[in-house]
Structure formats: C-alpha cells, structure tokens
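Chain letters run A, B, ... following the sequence lines, proteins first and then strands; every chain starts at 1. Scope of the values below: all heavy atoms of this structure, side chains included, with no hydrogens, waters or symmetry mates.
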2 protein chains.
Amino acid sequence: MSATEQRGRKPRADVQRNRAALLETAQRHFLQHGVGTSLEAVAKEAGVGPGTLYRHFPTREALLAAVLQTRSEELVARQADIEQLGDAAEALEQWLRAMEDYFSAFSGLPEPLMAAARAQEPDNPLTIPCDILITATDEHVQAAQSAGHVRAGVRGYDLFLAACSTAWIKGNGTDEESLDRLRTLIASGYRQRNAQP
Amino acid sequence: MSATEQRGRKPRADVQRNRAALLETAQRHFLQHGVGTSLEAVAKEAGVGPGTLYRHFPTREALLAAVLQTRSEELVARQADIEQLGDAAEALEQWLRAMEDYFSAFSGLPEPLMAAARAQEPDNPLTIPCDILITATDEHVQAAQSAGHVRAGVRGYDLFLAACSTAWIKGNGTDEESLDRLRTLIASGYRQRNAQP
DNA sequence: AATCAGTACGGAGGCAGCATCCGTTTTGAT
DNA sequence: ATCAAAACGGATGCTGCCTCCGTACTGATT
C-alpha cells in the first residue's frame with residue numbers, strides 16, 4: 001500500500017467520483033471565469049451540494065491547489081528538460097517563461113499565489129508549490145550566475161516576483177507587444193553586461 | 001461663474017454636505033480595508049442611505065476616482081517640481097517612485113487602474129487619470145532618452161506598467177527589501193549602459 | 001412669510017455568493 | 001442481510017450589491 005492511498009482502509013467510491021467531478025468542473029470554471037468563479041456554481045454543475053464541495057476542499061485555495069496539481073507536475077517535468085540544456089542563460093529564460101505560463105493558467109491566479117508566497121499562513125495549500133517554484137528559480141539563477149550570465153545580487157525570489165507580476169499584467173488584458181517589452185526590460189535588468197563564455 | 005460651478009444655478013446644500021461626507025468616509029475605508037471595502041458600510045458610516053451613495057457615485061470606480069482626485073493633483077504638482085531638476089535620469093527615477101506611491105495609496109488599487117489603463121471602456125472614470133500618468137511618464141522617458149540615460153525602445157507605457165506591478169506586489173505584503181531589489185532590477189533594465197554626459 | 005416644483009433622500013427589497021449544520025442516504029465491512 | 005461509519009446535499013443565515021419609489025428637503029418665486 002502506497003502512502004498516498006488510504007491509511008485506514010476504505011477508499012469509498014462516492015468520494016473518488018465526486019472529487020474527480022469537482023476537479024474537472026472546477027478546472028473548467030477557473031479557465032472560463034477566473035479564480036474568483038462561483039463555487040456554488042461549480043458544485044451545482046458537478047452535481048453535488050455545496051456541503052460536499054466544502055468538505056472536499058475547505059477553501060478556495062485548497063480547490064485551486066488541487067486543480068493546479070497536474071500543471072505543477074508538468075512544470076517540474078519541463079524543468080527537468082530545461083536543465084538538460086548546457087546553456088544556463090537560455091535555461092533560465094525558458095524557465096521564467098514556463099513559470100509565467102503557469103501563473104497565467106487562470107485569470108486572477110497571481111493574486112492568491114502571491115498571498116501564498118508571502119506565506120505567513122503555513123496551512124495555505126498554495127504555499128508548498130510556491131516555495132518549490134521559488135527554490136527552483138533560485139537554482140537556475142545560481143547556475144546562470146556561475147556561468148557569468150546573470151548579475152550578482154539577483155535572487156531567485158526576485159525573478160519569481162517579476163514573473164508573477166508579468167503574469168498579473170498579462171491577466172489584466174495587456175497586449176502581447178507591451179508584455180514582450182516588459183519581459184525584455186526585465187531581462188536587461190538581470191543579465192550580466194559582459195557575459196564570459 | 002467658473003466652469004466647475006453649477007451650470008443651471010442651484011448648488012443644493014444637501015448635496016454638497018453628503019458628497020463631502022461620503023468622500024471623507026470612503027477615503028478612510030479605502031485606507032483601512034482596501035478598494036474592495038463595503039460600499040454599504042461607507043454609506044452607513046457617512047450617515048446616508050445606499051441610494052444616495054449610488055446617486056453620487058454610480059460605480060465603485062467613480063467613487064475611487066473622486067477620492068483619488070486630491071492625490072492626483074498632488075502628484076501632478078510633484079511632477080512640476082521634478083521637472084525643475086536638470087537631471088533627466090534622476091527626474092525619471094523620482095517620477096516613477098512618485099507614481100508607485102500613488103498606486104499604493106490603497107490596497108488593491110493597481111487592479112482597477114490597470115483595468116482603466118487598458119481602457120476599452122471610455123466611460124471608466126479612472127481612465128483619464130491613467131492616461132495623464134502614462135503621457136507624463138512618456139515625457140520623462142523621452143527627456144531621459146534625449147540625454148542618453150535611457151535605452152532606445154523603452155516607452156513610457158512600459159514603465160507605467162512596471163510601476164503599477166511593483167505597487168501591486170507591494171500591496172500584497174512583500175517586504176521592502178525584495179521591493180528594492182525589484183526596483184533595482186527594473187532600473188537596470190531601462191538605464192542606458194554608457195550614459196553620455 | 002408662504003407656497004411650490006424640482007431635487008435628493010433613504011430604506012426596503014430582490015439577487016447572488018459564501019460557508020455551515022444536520023437529518024438522510026450511501027457504502028464497505030461483517 | 002445487516003450495521004455503523006462516512007459522506008451527502010440542501011436548507012439556512014449572512015453579507016454585500018444595486019435599484020426603485022414614496023417621502024422629505026431645499027432654494028426659488030411671489
């Protein structure tokens with residue numbers, strides 16, 4: 001028996017079915033209406049009562065975290081690929097874009113993520129993925145610094161913040177051209193002036 | 001008769017009193033609870049009914065814009081001072097900080113400001129101040145570019161976005177040190193490498 | 001001073017969403 | 001087939017939004 005399975009010994013059929021339906025519906029609603037979507041509507045469309053939704057996911061953040069689980073895993077997988085590249089500068093750049101995409105998955109997502117990153121609430125379900133991302137970013141940054149591609153004094157957390165705010169702006173309907181300008185601006189900010197090959 | 005006075009000829013005493021009370025109370029509530037504060041509570045504390053509040057300020061944005069009026073004027077005044085400086089680079093930097101402070105006046109303010117800046121809704125009361133700020137920023141940028149302090153290709157709007165997102169991050173409780181790092185990062189991004197005095 | 005018409009007031013009311021509680025139903029185990 | 005634990009779901013109470021309309025106030029007019 002794996003650790004993720006039941007500790008007692010009863011994985012009720014109900015529970016799994018409802019949980020799956022809720023996750024599926026919630027993802028659709030988050031996609032269409034953003035993270036602020038009506039949880040009541042999600043429950044109704046999933047064919048369960050509000051009580052059931054709240055029992056499975058006590059807070060909006062818990063539901064969000066569960067829905068994001070899949071995407072988080074994909075992101076981590078992408079990181080593995082990215083790390084394969086020899087070029088630390090290129091790797092960092094790709095990683096930042098990957099994070100930005102992740103943050104942009106649903107409209108309004110950066111808000112709760114920032115709240116979780118600040119992380120005075122240790123039981124916020126979004127804190128864990130955030131910490132993972134920050135750490136991963138920091139590793140990329142350090143690698144790129146060692147290779148002389150990134151200024152000293154830049155931390156992973158700084159670029160995490162930058163990616164998060166870029167995603168926030170993106171989610172607010174700014175045109176792609178302006179976004180690219182902003183990304184370029186930020187890249188100019190962290191890049192080492194004279195890269196040493 | 002000035003243009004800002006009545007066009008017909010009746011400035012009812014009621015109206016002025018209530019409007020003033022609403023603005024005063026709203027500012028306090030925005031300060032304490034952010035831009036999402038309960039308008040019902042504002043009305044109640046101002047001693048008027050909800051109807052009166054909504055007649056004076058049909059939307060939350062209208063109320064926000066009215067409350068921000070004073071601050072906007074201060075900001076413009078500060079701009080005048082800043083322009084006096086001969087140093088365009090220093091002027092730009094100060095201007096960006098001034099804007100950031102303005103955006104940080106109330107928690108959650110960047111959100112509606114961004115929505116207004118994107119500006120497909122021409123009757124959004126926040127659009128006007130936003131456009132003014134963008135234009136002003138662009139002037140500072142161009143001045144600094146002429147003096148060779150800022151890269152070509154940087155637009156005022158880009159730095160407006162940057163300031164807005166910095167304020168957003170700030171409003172989400174990030175520590176001052178990280179903010180300073182981010183500001184430095186952005187500054188490194190727009191500054192010309194070899195300034196020509 | 002008294003009247004009048006226009007204006008503004010304010011609260012009741014309808015609506016939507018959140019979150020909880022508890023009587024009823026489902027489920028796996030025996 | 002029976003049972004107790006576990007899960008369900010909807011009724012419920014709450015808060016906030018926004019509107020509508022009978023009532024009250026105000027400034028102008030005589």
Side-chain angles (χ1 to χ4, degrees), chain A residues 1 5-26 28-30 32-66 106-108 111-112 115 121 123-125, chain B residues 1 5-26 28-30 32-64 66 106-108 111-112 115 123-125:
Chain A
M1 62 183 95
E5 279 182 85
Q6 69 282 3
R7 17 184 87 253
R9 55 200 183 311
K10 313 163 193 172
R12 251 176 88 151
D14 256 19
V15 177
Q16 295 175 308
R17 183 158 27 90
N18 285 333
R19 184 184 160 91
L22 281 169
L23 285 176
E24 197 276 332
T25 309
R28 239 186 15 260
H29 280 239
F30 283 146
Q32 289 177 7
H33 312 293
V35 299
T37 193
S38 159
L39 297 187
E40 247 181 333
V42 170
K44 184 178 294 182
E45 195 175 313
V48 305
T52 299
L53 188 154
Y54 284 102
R55 194 171 330 99
H56 279 269
F57 309 103
T59 65
R60 185 180 296 271
E61 283 70 35
L63 180 55
L64 247 185
F106 312 126
S107 147
E111 199 92 33
E121 324 139 42
D123 50 350
N124 184 326
Chain B
M1 59 183 92
E5 278 181 86
Q6 68 283 3
R7 18 184 85 253
R9 55 201 186 309
K10 312 163 193 170
R12 250 175 88 153
D14 256 19
V15 177
Q16 296 175 307
R17 185 159 25 91
N18 285 333
R19 184 183 158 91
L22 281 169
L23 285 176
E24 197 276 331
T25 309
R28 238 187 14 260
H29 280 238
F30 283 145
Q32 288 176 5
H33 311 294
V35 298
T37 193
S38 159
L39 297 186
E40 248 182 328
V42 170
K44 184 178 294 181
E45 194 175 313
V48 306
T52 299
L53 188 155
Y54 284 101
R55 194 171 330 98
H56 280 269
F57 308 103
T59 65
R60 185 180 296 272
E61 283 70 34
L63 180 55
L64 247 185
F106 312 125
S107 146
E111 199 91 35
D123 50 349
N124 184 325

Give every donor-acceptor pair under 3.5 Å between a side-chain atom in residues 32-39 of chain B and any protein atom, sequence neighbours left out.
unit_1	atom_1	unit_2	atom_2	d
B:S38	OG	B:E40	N	3.3
B:S38	OG	B:A41	N	3.0

ring-ring contact (aromatic ring centres under 6.0 Å, His included) involving A:H56 - partner list, sequence neighbours excluded: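 Checked A:H56 against ring-ring contact (aromatic ring centres under 6.0 Å, His included); zero matches.
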Residue pairs fulfilling salt bridge (charged side-chain N to carboxylate O under 4.0 Å, His left out) with at least one residue in residues 13-23 of chain B, sequence neighbours excluded: B:R12-B:D14, B:D14-B:R17
Non-neighbouring partners of A:R55 that pass salt bridge (charged side-chain N to carboxylate O under 4.0 Å, His left out), sequence neighbours left out: none
A:L53 CG - C:dA19 P separation (whole Å):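 For the pair A:L53 CG and C:dA19 P, the rounded distance is 10 Å.
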Under 4.0 Å protein heavy-atom contact, by nucleotide of nucleotides 8-20 of chain D - B base, S sugar-phosphate only: BBB-----BBBBB
side-chain hydrogen bond (donor to acceptor under 3.5 Å, both in side chains) contacts touching residues 44-53 of chain A (sequence neighbours left out):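 Counting only pairs at least two positions apart or across chains, the side-chain hydrogen bond (donor to acceptor under 3.5 Å, both in side chains) contacts touching residues 44-53 of chain A are A:R28-A:E45, A:H29-A:E45.
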